[in-house]
Amino acid sequence: MMELFPYLPKPKGDKKVLRDLKVRERTVQVPKNFTFVQSIAGLQECARIIKERKQFVFDLETTGLDWADYAVCIGIAVRIATGMIRVFIIPTNMAYAMYNFTAAEIREHLGDVFEDESISKIGHNVKFDQHHMHNTYGVDTNGITDDTMIAMHLLNENESHKLVDIAETWLAIDGWKIKQDGHFNVWPLGMAQTYLGKDCETTLLVYEFQQKQFAQLSVLKKLYDEVEIPNIQIAYEMEQYGIAWDGFYYDTVMKPEVQSKRAAARAKVQAVIGPVNLDSPSQVAAALFDGLRLPRINGNALDKKVLHRLIKYDVEQARQVGRELVIENFIEYRKYATLDKMFVQELPLHVVDGRIHTNNKTCGTRTGRWACMRPNMQQLPKAAIGPLIRRAFIPSKGNVLVTMDYGQIELRWLAHFSGDEKLIAAFASGEDIHTATCLLMFPTQITLAELKADKDHPLRVRAKTINFGILYGMGPQLLADTINAQARTAADIITVDDARALIKRWFDTFPKIKKYVNDTKVMVGEYGFVTTILGRKRRLPDAKLPDPMLSSMAERQAVNSRIQGSAADLLKVAQLKIRQFLLDTHYPFRMLLAVHDELVFEVPEAWLRHNEAALDELTAVMRNAMTLVVPVVVSVDLLHRWGDKIHDDDFFEEAV
DNA sequence: CTCAGGAGCGCG
DNA sequence: AAAGCGCGCTCCTGAG
């Protein structure tokens, strides 16, 4: 039986909550006996007490966030979490401190306690502090047992997990923010001390609050302890190591290619509509709809779909009036402008010492997936134009890149959760899943042989589109549009009614999926949340609302979150198992990136040539990370550059 | 001037 | 009848 409602109390203003929490004071007070450390003896005392107590909260204050920024670590705050109230403020770059410790001094006196696995560390967004401990002081941080940001995200993914917001919302702590101009390192000493002390103190209060919540939520606590917290280290290691960037390729190929094509397309468009700003949809819309009098398809919207429908009017008008074409060139401009803005201009900003270190957001999504930013390595172009961008990402010298992908993992989770015999059988057959579902849906209309001969057969397109769309609760209108966008001939076009019938046919073909989807909707309406395979919660209070627009959106989100979130759980478990496997075997793979259902590694090329079996062993770890009722399939690619696959046969034959 | 929101589009 | 789920990033736009 599922747990009843989420235990977390309502946000601020709810008196009962405050009573239950027994919040003593509405303002966090830095303990009176805090120590502003100004001597080596003081550092040694701090280390001695940490070793005694075996647990502490810590926080760093810095001037910057990004790898590519010039970031300075201003000081460390340590709050003993058990048995005594002690706070140590350790300055390393405070303008008004009498003495600032050097990195060597920090390393000498605090290095061992930070590196000691058996000493428990608590922090808020610890990965951030972990990077600065390493990059500024050369100190590794082991033994992270708690992260209040991640805990908050598990306990309620809909609320802000910024420390200050948690304090205000859940602990009703006021007067927390300190207003002061300028960088932290030139703040007046008392203010800076107070700020650091309060951060630690608040983290400790939040930690204690969260532990009370977890005490009633054993499944979530297990997910926290065994998956989320250990994964901090994996994200940290991937970020520290980064991925190599080929600046020469960028300068000589990627940038000139994209920017020249963008400029050429811009010139062609502006030759027709004049010097309007092509990056302003409203200006272009005015030029096309009012200037050229092309028909408005969907108001002033000028997205890809509208543009494609405008082509025929443009061609016709251009012929009549005797002008150059504009729409196709504008589509071309859009394409290269997007590449230019999102990748060509963006990516090199994040190169540090020839490598790109993305920032994995452990609390980036409400479903449990990771997001990542600066740069977002999960949104690099993939299709036809993809390699032009991806080729700039290369393995370290002497290595090859290895990618490992879960195949159709979300549909497999759907089969798992629903228990639908036909979908399970389709996966068990090992046949391409879209082909298999197509045959099940249209058994009398097409044969396997015909489908194999024509991967883009309209019936397979229908099946494939529904297979994906169903996970998200796609409606008939969009299904029709999506299928029609892939039509090869006029005969392939379907109506909205056709689409509605297709959806019905799909659910009739897989009856248990229909039941599963309905059950999920009922459940979210009843409980207000759904859970993933590992018990991660997605709270969707809107599902209880009478407004059908809001409640049906929440229902779609519920159906999707269970699937997407379980796939995320699987990848996270796989990452942990792979890391352990690599530690055990000493295989020299390095995990570089995680992209939802794909992991990217690099491995020394010479080693791999003589250890081909290692690839199978590694994929086996991924496949067996969890047991589903259907087979889990992992595909492997080797690459000299991202975007350029190597044929395995060629690669391993050379070794002979 | 800053800031939030929308449009648009890249990925799974 | 109908906004298909989850993200990050850019630019433009209008509000303050």
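The sequence lines fix the lettering, A, B, ..., with proteins before strands; numbering per chain opens at 1. All values reported here derive from a predicted model rather than from experimental measurement. What you see below is based on every heavy atom in this structure, not just the backbone, and it leaves out hydrogens, waters and symmetry mates.
For C:dC12, the OP1/OP2 oxygens have a side-chain nitrogen or oxygen of A:Asn277 closer than 4.0 Å. The side chain of A:Lys361 contributes no N or O atom lying less than 4.0 Å from OP1 or OP2 of C:dC7. Contact check, A:Lys335 against B:dG8: no side-chain N or O comes under 4.0 Å of OP1 or OP2. The phosphate of C:dG6 has OP1 or OP2 within less than 4.0 Å of a side-chain N or O from A:Gln557. OP1 or OP2 of B:dG12 sits under 4.0 Å from a side-chain N or O of A:Lys382. Distances shorter than 4.0 Å separate none of the side-chain N or O atoms of A:Arg556 from OP1 or OP2 on C:dA3. The phosphate of C:dC5 (OP1 or OP2) has no side-chain N or O of A:Arg538 nearer than 4.0 angstrom.
Using a 4.0 Å heavy-atom criterion, one finds that A:Gln564 contacts the bases of the nucleic acid, with or without backbone contacts as well. When heavy atoms are screened at a 4.0 angstrom cut-off, A:Glu346 is found touching the sugar-phosphate backbone but no base atom. Residue-level contact check: A:Ala558 touches neither bases nor backbone, having no heavy atom under 4.0 Å from any strand. In this structure, A:Gly469 reaches the bases: a heavy-atom distance under 4.0 Å links it to at least one base atom across the strands shown. Using a 4.0 Å heavy-atom distance criterion, A:Ser282 is classed as a sugar-phosphate-only contact. Nucleic acid contact for A:Leu471: none, since no nucleic acid atom lies under 4.0 Å from a heavy atom of the residue. The residue A:Ile563 sits apart from the nucleic acid: no heavy atom pair falls under 4.0 Å.
Comment: A:Asp481 does not engage A:Lys304 in a salt bridge, judged by the lack of any side-chain N to carboxylate O separation of less than 4.0 angstrom. Taking 4.0 Å as the cut-off between side-chain N and carboxylate O, A:Arg369 and A:Glu410 count as a salt-bridged pair. Looking at A:Asp497 and A:Arg500, a side-chain N of the basic residue comes within less than 4.0 Å of a carboxylate O on the acidic one, giving a salt bridge. A salt bridge between A:Glu157 and A:Arg536 is absent, with no side-chain N of the basic residue lying under 4.0 Å from a carboxylate O of the acidic one.
Atom NZ of A:Lys255 is surrounded by 12 or fewer heavy atoms from other residues, nucleotides or ligands within 6.0 Å.
Listed candidates were B:dC9, B:dC11, B:dA7. Nearest to the side chain of A:Arg334 is B:dC9. Residue A:Leu478 places its side chain closer to C:dG4 than to any other of B:dC9, C:dG4, C:dG6. Comparing B:dG8, C:dC12, C:dG4 against the side chain of A:Met474 picks out C:dG4 as the nearest. Comparing B:dG12, C:dC5, C:dG8 against the side chain of A:Met342 picks out C:dG8 as the nearest. Here the side chain of A:His596 is nearest to one of B:dG12, C:dT13, B:dG8, namely B:dG12. Among the nucleotides C:dC11, C:dC9, C:dA3, the one closest to any side-chain atom of A:Lys341 is C:dC11.
Summarising the base pairing, B:dG5 is matched to C:dC12 through a Watson-Crick or G-U wobble pair whose two defining distances lie under 3.5 Å. Across all strands shown, nothing is found opposite C:dA3 as a Watson-Crick or G-U wobble partner with both distances under 3.5 Å.
Using cut-offs of 30° and 60° on the angle between ring planes, the pair A:Trp413 and A:His416 is perpendicular.
Taking only distance into account, the side chain of A:Gln378 never meets the base of B:dG12 through a donor-acceptor pair shorter than 3.5 Å. A:Arg374 contributes no side-chain N or O that forms a donor-acceptor pair with the base of C:dG8 under 3.5 Å.
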